[in-house]
Each structure stands twice: as structure tokens, then as C-alpha cells.
Number of protein chains: 2
Amino acid sequence: MKKYIQILKKTQLFSEISEEEITAMLPCLRAELKTYKKGEFILMQGESLDKILVLAEGKLHIQCDDYWGNRSIINMILPGEMFGEAYATPQSGTLTNDVLATEDSAVIFFDVKQILTVCSSACRFHTTVIRNLFFAISEKNRKLVKKIMFISKRTTKEKLIAYLSEEARQHKNNTFSIPFNRQQLADFLSVDRSAMSNELCKMRDEGMIEFEKNRFTLL
Amino acid sequence: MKKYIQILKKTQLFSEISEEEITAMLPCLRAELKTYKKGEFILMQGESLDKILVLAEGKLHIQCDDYWGNRSIINMILPGEMFGEAYATPQSGTLTNDVLATEDSAVIFFDVKQILTVCSSACRFHTTVIRNLFFAISEKNRKLVKKIMFISKRTTKEKLIAYLSEEARQHKNNTFSIPFNRQQLADFLSVDRSAMSNELCKMRDEGMIEFEKNRFTLL
DNA sequence: ACCGGTCGGTTGTATTTACAACAGAAATGA
DNA sequence: TCATTTCTGTTGTAAATACAACCGACCGGT
């Protein structure tokens, strides 16, 4: 666990809290570390959850396979990001999605009750964590809305333009790498991979974009 | 404002807090009431926001019109529901959506800084409000994920089935009313209205569903 | 070097969708 | 009441999509 303190310090959840204070808080928040191999599921649909999770290392997909095997990637989790928070409340019921490790990953579990219950004395920074939790879940919310704005576009081309524009905006650069391969991007945008591949090449031929593997440039 | 205290008591934000205590807290949270006519915008894309809003009366749509005039209804707000919370944090930037009153509406504004800053003495229930805020935003999050699961289906029919099934599940009844007319439902599911209308009638003819106006029955 | 697997691009076809235009029913308002 | 507007369903056509199948490039392991 110790090796991940520095990572936790950089997370939104522990923003403005020092490494020493984080170390002191870990037992109070009942932190546990688990590791997963690429391809393993961290959480599965139908389970219930009373933990908030932070990805310390690796890469995860929040996803959902339907009855016919169509996969939908709801969200991607990168190191330092929090997940599970929306299903860790009393009213939330069981999970509606799977969480899959797409690389070897390390995940830290925190007890949500411990976070929300301001404890006796030790944790002066407890209220800071609660506020950070609110900021983090707000950001998640905005991410989901952004995703809705991508996939609510009617055509594959429009979805691609919306997604790539947003990536460029976030990277503050017209050239950037995306965290998906083609199949994953198609699953994220809810379109057919081959149709999307086709559309990307058309956009390249029209001079709108350039790309090589996961690296894109908007022109 | 007084007439809405009873409504506030029923909201998730003020769960477990009595009417007297809510009344006492209102000045502390800098509550303000504003009313809007049907068709007016409460918030518009590009504005910045440092308030959390609760709908006291009426109906709102969180929506987004693109360059070509295609409307996407991100979410619908019913009385007692909170909104704006995801854009009221320091990091959140300006609004990416419009908020439109689809009926005459009354909205209560709360200062988010006041909510997140535990104040001196008067508000014993401040921490309860913060926790409630977390629960509420968690629920919003789950709602958004559900919506993503609807619109990530590939065909209009599948989207309809996913949406109607979820409505039936929530109403715990195979017969239920939906809060949209046809155009709004199409905007919510990101499909063409006429194509959706067509699909609904096909499903009716196949014996899958029955409907009359906004009232649906799954068979 | 060989093999198997993954990945990205291409093509063709059947299906589905968007879009526009129209008509009847229902609701609205003067 | 009548006129107007809104809502819903219907149709036809052009466009876009899903799906399946195939190919070559690349990569890692043996």
C-alpha cells in the first residue's frame, strides 16, 4: 500500500491533503489494496457495493454487455480516478455494469460509510475528503453528460467529430492520443467498428483529420 | 418561499431534516426563489454557476441544441429534484447545456459554497445536507448511466424496449405513464420522431405493447 | 522463421434510419 | 363556435448503418 500513497496524494479525493495525513487516514477509511490481471473483472453486474474504489495503477472499463453480446463502454478509468461511488449509497441497489481491467491493475477500496461519517478526532481532514468526494462525483457527472452528447449525435461522423473535438480541447492541442483502440472507441461511441473505420478514413481523405494508430490530428 | 418548505422537506437534499430546521437553514444557505413561465430558460449554455437549484414546481428539461438544430434532451427534472450541482464546483467551467421550463415553474437557488462550508453553530444539520447532496448526485449519476444504456442500443426498437422496460420496473407495474410526448421521447432517446412513432406502432401491431397517448402497457 | 492472435482497413448487402411532406385528431385560444 | 396550433401517425425516398467476411500488417512467443 505504501507505494501508492504518492498516487493517492495526486487524486482528486485526497486533494489538499498531505502524504502524512493520508497515511494517517488510511486505517480510518479502512483502505484495502487488491490487484487484478488484465481481463479480470473488478466488479460485476448484480453485485452490491459499499466501497468507493480508486484505481492506483492500470486501466479499467466500466462496461455493459447486453443479451446479444453488444458491448457498451460506459466510461474509462485511468490511474488516480475514483469509481463505484454512485453505487455505494444506501438507496443505490445493485450494480448495473461490469468493471473490467483492460491492463494489469491495482485498486484501493475505501469504506464509504467511514468516509461519510465524520469521525471522532484523528481525521481533521475528513470534511475535506467529503468535499473532494463531491467535487469528484460532480466531475464524473460532467463526463457522463459529455458522453451523452457524443452518442446522441445521429451519425457516426458527427459522433467522431464531437468526440475528437472534445479530446483536442482537453489536450489543448490539435494532436493527441486517445486511450482506445478502434474496437473500444466504437464500443464507447456505440457504433459499428467497421463503419467507424470507414468513416475515419473518409474524414482523412477529405483532409479533416490525420491519424496513425491512436494518435490523431485535427486539421 | 414559505409555501415551498413542505416541498423541500420531501426532497432528497433535505431528507431527515424537519420543517423547522429547514426554515432555520434557508438564510444560511442563501436560498432564493425564482419563477419561470413555460418556454423560458432557467440557465443557458456558456453561463457559469455557483448555485445548486431545486425545482419546487413545474417541469424542466436539461437539453442541448447543436449547430444544426438537433435537440438532445439530456435529462428531465421533476418537482423536488436537484440540478446544476455538477456545474457548481470551482473546477467545473461553464454550463454545456440549457435548462428549459417546459411548464410554468418555480426554482429555489442555494449557494453551493454555503452548503459545503460547515458553518459556525446554527446549522446542526449541515453535515446531513452535505451527505444528502452526495446521495442525490449519486442518484443523478445512476440516472445518466441508465440513459447511456438506452441510447447506446443500436436500433430505435431496442432503445424503446430498454426505456419502456426500465419505466415499467420503476413503476413496478406493466402499465404506466411516461413524462414525455412523442417528440420529447424521441429527443430523449436520440432518434427521429417519425421513425420512432412508426416503430411504436409496429410493436403495438406485433402485440408487444399497447399505448394511448403517454400511457403504455407492456404485454 | 514460423505460428497464432490481434488490429485496422475494405467491401458488399440487407436492414434501418433520417428527412420531408402530408393528414387527421386533439388541444388551445379568441 | 371557429380558427389555429400542436400532436401523432403514415408514407416514400435517399442516406447511413449493422453485419459478415476477408485481407494484410504487426506483434510476441516458441
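Sequence lines set the chain letters: A, B, ... in the order given, protein chains first and strands last, and positions in each chain run from 1. Side chains included, hydrogens not; waters and symmetry mates left out as well; all remaining heavy atoms used.
Using a 4.0 Å heavy-atom cutoff across all strands shown, A/Glu199 reaches sugar-phosphate atoms only and no base atom. The residue A/Ser197 sits close to a base: some heavy atom pair falls under 4.0 Å. Within 4.0 Å (heavy atoms only), A/Asp192 reaches at least one base atom of the nucleic acid. The residue B/Ser194 sits close to a base: some heavy atom pair falls under 4.0 Å.
Bending across the helix from C/dA1-D/dT30 to C/dA30-D/dT1, expressed as the angle between its end axes from five pairs apiece, amounts to 50° (10° rounding).
The distance between atom CD of B/Glu158 and atom P of C/dT16, rounded to the nearest whole Å, is 10 Å. Taking atom NZ of B/Lys38 as the reference point, atom C1' of C/dA27 lies 10 Å away to the nearest angstrom. Atoms CD (A/Gln183) and P (D/dA18) sit 12 Å apart, rounded to a whole Å. Following rounding to the nearest Å, A/Lys157 (NZ) and D/dA15 (C1') show an atom-to-atom distance of 13 Å. Rounded to a whole Å, the CD atom of B/Glu212 is 15 Å from the C1' atom of D/dG9. The separation between A/Leu200 atom CG and C/dT10 atom P is 10 Å, rounded to whole Å. The interatomic distance linking B/Asp205 (CG) with D/dT11 (P) rounds to 11 Å, in whole Å. B/Asn214 places its CG atom 10 Å from the P atom of D/dG9, with the value rounded to the nearest Å.
Here A/Lys51 does not pair with A/Glu85 in a salt bridge; the nearest charged N to carboxylate O distance is not below 4.0 Å. We find that B/Arg215 and B/Glu212 are not joined by a salt bridge, their nearest charged nitrogen and carboxylate oxygen being 4.0 Å or further apart. Remark: A/Lys146 does not engage A/Glu139 in a salt bridge, criterion side-chain N to carboxylate O under 4.0 Å. Between A/Glu166 and A/Arg169 there is a salt bridge, with a side-chain nitrogen of the basic residue lying less than 4.0 Å from a carboxylate oxygen of the acidic one.
At least one side-chain nitrogen or oxygen of A/Thr156 sits closer than 4.0 Å to the OP1 or OP2 atom of D/dT17. Regarding contacts with the backbone of C/dC7, a side-chain N or O of A/Asn181 is found under 4.0 angstrom from either OP1 or OP2. The shortest distance between the side-chain N/O atoms of B/Lys213 and the OP1/OP2 oxygens of C/dA27 is below 4.0 Å.
When each of A/Arg154 and A/Cys201 is assigned the nucleotide of DNA chain C with its nearest heavy atom, A/Cys201 is the one assigned upstream, toward the 5' end. In this structure, B/Arg193 and B/Met196 both approach DNA chain C, and ranking their closest nucleotides by distance from the 5' end singles out B/Met196.
Checked against D/dG9, D/dT17, C/dG9, the side chain of A/Phe211 finds its nearest nucleotide in C/dG9. The side chain of A/Asn198 lies closest to C/dT11 when the candidates are C/dT11, C/dA18, D/dA16.
Not a single donor-acceptor pair under 3.5 Å links the side chain of A/Gln170 to the backbone N or O of A/Glu167. Side-chain N or O atoms of B/Asn97 include none that pairs as donor or acceptor with a backbone N or O of B/Cys64 at under 3.5 Å.
B/Glu57 and B/Tyr4 are linked by a side-chain donor-acceptor pair at a separation below 3.5 angstrom, with hydrogens and angles left out of the test.
Centroid-to-centroid, the aromatic rings of B/Phe110 and B/Phe14 come within less than 6.0 Å.
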